[in-house]
Amino acid sequence: MIKITLPDGSIREYNKGVTSHDIALSISEGLARNVLSAKVNGEVWDSNRPIFEDSVVQLLTWNDEDGKATFWHSSAHLLAEALETLYPGTKFGIGPAIDNGFYYDIDLGDREFGGDDLAQVEKKMLELARQKNVYVRSKISKQDAISYFEEKGDKYKVELIQDLDDGSITLYKQGNFTDLCRGPHIPHTGLIKAIKLLNVAGAYWRGDEKRKQLTRVYGVSFPKQKELTEHLERLEEAKKRDHRKLGKELDLFTFSEKVGMGLPLWLPKGTILRERLENFMRRAQIKAGYDPVVTPHIGSKELYVTSGHYEKYGADSFQPITTPHEGEEFLLKPMNCPHHCEIYKSRPRSYKEMPVRYAEFGAVYRYEQSGELHGLTRVRGFTQDDAHIFCRPDQVKEEFINVIDLVLYVFNALGFEDYTAQVSLRDPENRENYIGADELWDRAEREIQEAADERALKTVTELGEAAFYGPKLDFMVKDALGRSWQLGTIQVDYTLPERFELEYTGADNQKHRPVMIHRAPFGSMERFVAVLIEHCGGNFPLWLAPDQIAVLPISEKYEDYAQRVLMTLSEQDIRGLIDNRDEKIGRKIRDAEVQKVPYMLILGEKEQVNGEVSVRKHGSGDLGSLKLDAFIKQFREEIKI
RNA sequence: GCCGAGAUAGCUCAGGGGUAGAGCGCUUCCUUGGUAAGGAAGAGGUCGGGGGUUCAAAUCCCCUUCUUGGCUCCA
């Protein structure tokens, strides 16, 4: 007998060789039906794999992340089986479960694979699933595995096996399909009830762009049809929040082929939104002790040679601007730091005035690869809410905390709750890849971590993700489609102070080198607005809404009154518009609702006589009438941030 | 950049080798109204750009530009 410890702490005894499926069955039949795999001593196993020793077992179902992963991984095998059946000779790469489904990388030779084929494969998968084929695990020697896949002509599998240790190789077979696989898998294909193949894409074998490009087929599957339907509905819902769609519908920004790809044009309403955000940040920064500066959009090539950016990015970026003067070259600025370094250098500095903090909404230009461009989140010209802090080494931690506070203040004001902070440190194996003295790095890395802890940030630490010039802390936020974007960033830099020979005079009357901190709480205005649009689905907080109020006269008889109301609002810095079209009130309300205008003021006979406004709130309907003064008071109360 | 999908009226999209379609928007007229679409008429297109096949191309083929989903999830 062996002892099995379950998650609730209870210990049960079973015969040697018991499977997790047996264990589930001993608890309830329903549970046994739903068990997909099981975590045995921390490792995910097949539910029908026998257990021979005392173990800690956690049964995994669809409701566990690991259970879902098992389910999708098995679905990937099913996809492969369907592909092999339909297109014999297909060579297989890898087919893992991913965050939201699964994929399989395949080599179809010269065959083209497009949209119509997906439905065919999907049908075949369902057909195979209904056969309830069992996933069978078997151990095999390295040599046998190689001969098996060589015979089959699966060169990618052979390559994978070459890298594996003999004795650790397992195969999984379901129906007529055998795959090299570590497992685990669900008991049988019959559990897969609903399948949707989403799209095909190219993917380089082993992520290496020098190697062959395989066809990647993406799909998602579920144990119940209803869950698939819901999943597809969620995807639809997310599309409605896409900032590119809302940006067009709400007249916020546009792109023009003639201006150039990746170069956003801000429309009047988008500009109001953006300027409100900028002003919000300006005020917060002044409070936090920053000094605003302004620098030009170009700088001489020498500036970037000094900063090292030319060497690193020059060839892949916008090329230098030449002048009638032979040999004179300027670059569009890809970042603001070199300019700010020169401002710092404009006069001698004392330790007493540190830290020096220069802030600028700086427009920068970077030649992103065309395939990288995406709405406002990845563009070629954008404005950073940039600032550079020049401080003494002993001030790094305090400055970090100050910046974290600023970022948290911004996130809080805008209702961002779901974010994580990523602390990026050196790769401890390859310290020589980084510039700057070891003891400075050690200290800064420690202090960043301490600063994050002091503000109780939810952090993930990534080794090897630091920039070559210093460690950093990034704030990551998810968009409507679940993609993660980096917003706020704080980076320590040891390189630029060195390259620009920045100095300050210490208490000891000696020259010292300052530490530089780059930081941008929004990241860029473009990306931040994009994420904000998706975050609030276009329903901006009242203080940011491009049009805060739509004044809707019932008929043209009340237009004069509407004008007076608008004037009064405008005097109070409230942004509004009058809808004086020859339309019925229902129509005007509908259009204002669709445009997501936060408040509507409906004006007719009654209101005009009593000096009142009939208030309607976006999404909440009629709120009744009140005096204009009272409404304005209430409005200003709500807008306070 | 590479692989897939796409580009038709201002917007959303249908169509498809034989004179270009809808809804919304826009203009004009009627209507002067009470909390999510009042009615009628009209304007608007070299069907992204270039080349080819054909008696005939928006439609088929090639090239090109732009948009878009991927190319980081590891047997």
Side-chain angles (χ1 to χ4, degrees), chain A residues 69 72-73 76-77 80 92-105 108 112-118 145 149 154 156-164 168-172 179-183 198-218 242 244-245 248-249 251 254-258 260-262 316 368-375 481 483-484 552-559 581-595 600-607 614-625:
Chain A
W72 282 331
H73 188 185
H77 279 229
F92 294 92
I94 59 167
I98 52 176
D99 286 350
N100 244 324
F102 57 90
Y103 67 79
Y104 220 112
D105 281 348
L108 287 155
E112 286 196 8
F113 191 80
D116 299 340
D117 300 315
L118 287 179
F149 285 104
D154 258 334
Y156 303 104
K157 294 291 181 189
V158 174
E159 185 183 327
L160 291 169
I161 297 166
Q162 308 284 9
D163 296 342
L164 298 175
S168 69
I169 299 172
T170 52
L171 300 181
Y172 274 82
D179 201 358
L180 169 73
C181 184
R182 185 193 293 136
L198 299 162
N199 53 11
V200 274
Y204 296 105
W205 172 233
R206 303 200 130 179
D208 182 349
E209 59 184 290
K210 289 185 193 68
R211 305 201 60 178
K212 178 156 171 115
Q213 187 157 31
L214 305 181
T215 304
R216 178 169 294 182
V217 182
Y218 282 93
D242 190 317
R244 292 166 301 183
K245 185 172 153 66
K248 192 177 270 181
E249 284 170 5
D251 283 326
T254 189
F255 289 89
S256 147
E257 247 180 70
K258 222 165 203 156
M261 60 201 288
D316 302 320
E368 302 289 352
Q369 285 198 31
S370 61
E372 297 287 330
L373 299 175
H374 178 92
L481 297 166
R483 283 179 291 223
S484 243
L552 312 179
I554 299 249
S555 85
E556 68 188 20
K557 286 189 228 154
Y558 313 105
E559 225 180 287
R581 289 175 305 167
D582 178 13
E583 294 289 351
K584 293 195 177 170
I585 195 66
R587 181 49 182 274
K588 295 183 183 183
I589 287 170
R590 184 191 142 77
D591 288 347
E593 289 279 357
V594 168
Q595 282 294 306
M600 285 148 272
L601 299 181
I602 289 122
L603 308 181
E605 176 79 30
K606 272 185 297 181
E607 290 76 14
S614 170
V615 182
R616 187 186 161 100
K617 191 170 182 170
H618 171 70
S620 329
D622 192 357
L623 298 183
S625 293

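Letters go in sequence order (proteins before strands), and every chain restarts at 1.
An OP1 or OP2 oxygen of B:C71 is reached within less than 4.0 angstrom by a side-chain nitrogen or oxygen of A:Y218. For the pair A:R244 and B:U68, the criterion of a side-chain N or O lying under 4.0 Å from OP1 or OP2 is met. Close to B:G69, at under 4.0 Å from its OP1 or OP2, lies a side-chain N or O of A:H374.
Contacts of A:I169 with the nucleic acid, taken as non-hydrogen atoms under 4.0 Å apart, include base atoms. Note on A:L164: a base of the nucleic acid sits closer than 4.0 angstrom, heavy atoms only. Base contact: A:D622 has a heavy atom under 4.0 Å from a base atom. Heavy atoms of A:A97 sit under 4.0 angstrom from primed sugar atoms or phosphate atoms, though from no base atom. Residue A:S168 is classed as a base contact, given a heavy-atom separation below 4.0 Å to a base. A:R182 comes within 4.0 angstrom of a base, heavy atoms only.
Residue-to-nucleotide proximity on RNA chain B shows that, of A:M261 and A:Y104, the 5′-proximal contact is made by A:M261. For the pair A:R590 and A:H73, nearest-nucleotide mapping onto RNA chain B gives the more 5' position to A:R590.
Here A:K557 does not pair with A:E605 in a salt bridge; the nearest charged N to carboxylate O distance is not below 4.0 Å. Ion pairing between a basic and an acidic side chain is recognised when a charged N comes within 4.0 Å of a carboxylate O; A:D208 and A:R206 show no such pairing. Of the charged side-chain nitrogens involved, at least one lies within less than 4.0 Å of a carboxylate oxygen, so that A:E159 and A:R211 count as a salt-bridged pair.
Taking atom CG on A:D242 and atom P on B:G69, their separation rounds to 7 Å, with Å as the unit. Taking atom CG of residue A:L373 and atom C1' of nucleotide B:G1, one finds them 12 Å apart after rounding to whole Å. What separates CZ of A:R206 from C1' of B:U72 is a distance of 16 Å, to the nearest Å. The interatomic distance linking A:D591 (CG) with B:G38 (C1') rounds to 13 Å, in whole Å. Counting to the nearest Å, the P atom of B:C73 and the CD1 atom of A:I94 are 7 Å from each other. Distance, A:W205 CH2 to B:C73 P: 11 Å, rounded to whole Å. Rounded to whole angstrom, the span from the OH atom of A:Y204 across to the C1' atom of B:C71 amounts to 7 Å.
For the P atoms, the distance from B:U8 to B:G15 is 14 Å, rounded to whole Å. For the P atom pair drawn from B:G39 and B:G44, the interatomic distance equals 24 Å after rounding to whole Å. When the P atom is compared between B:A7 and B:A43, the two are found 28 Å apart, to the nearest whole Å. Taking atom C1' on both nucleotides, B:G10 is separated from B:G4 by 30 Å, rounded to a whole Å. Rounded to whole Å, the separation between the C1' atoms of B:A40 and B:A56 comes to 39 Å. Rounded to a whole angstrom, the distance from the P atom of B:U72 to that of B:C60 is 33 Å. Taking atom C1' in both B:A57 and B:U28, one finds a spacing of 38 Å when rounded to whole Å. The C1' atoms of B:U53 and B:G6 are separated by 24 Å, rounded to the nearest whole Å.
Each of A:L552, A:I602, A:L623, A:L601 was evaluated against A:R616; a single residue qualifies, A:I602, per the side-chain contact (heavy atoms from CB on, under 4.5 Å) test.
Taken from CD in A:Q595 to NE2 in A:H618, the straight-line distance is 10.5 Å, to the nearest 0.5 Å.
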statement: Each nucleotide of nucleotides 26-34 of chain B classed B (base within 4.0 Å of a protein heavy atom), S (only sugar-phosphate) or -, in 5' to 3' order, makes ----BBBBB

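Across all strands shown, the partner of B:G1 is B:C71, judged by Watson-Crick or G-U wobble contacts whose two distances both fall under 3.5 Å. Pairing for B:G34 is absent, with no Watson-Crick or G-U wobble pair whose two atom distances lie under 3.5 Å. B:G18: Watson-Crick or G-U partner is B:C55, with both key distances under 3.5 Å. Across all strands shown, B:A9 remains unpaired; no Watson-Crick or G-U wobble contact has both distances below 3.5 Å.
Here B:A36 is the nucleotide among B:U12, B:C73, B:A36 with the atom lying nearest to any side-chain atom of A:I589.
With a 4.5 Å cut-off on side-chain heavy atoms, A:F92 and A:L160 do not count as touching.
Between the A:S614 side chain and the A:S625 main chain, no donor and acceptor come within less than 3.5 Å of each other. Looking at A:K588, its side chain does come within 3.5 Å of a backbone N or O of A:P553 through a donor-acceptor pair.
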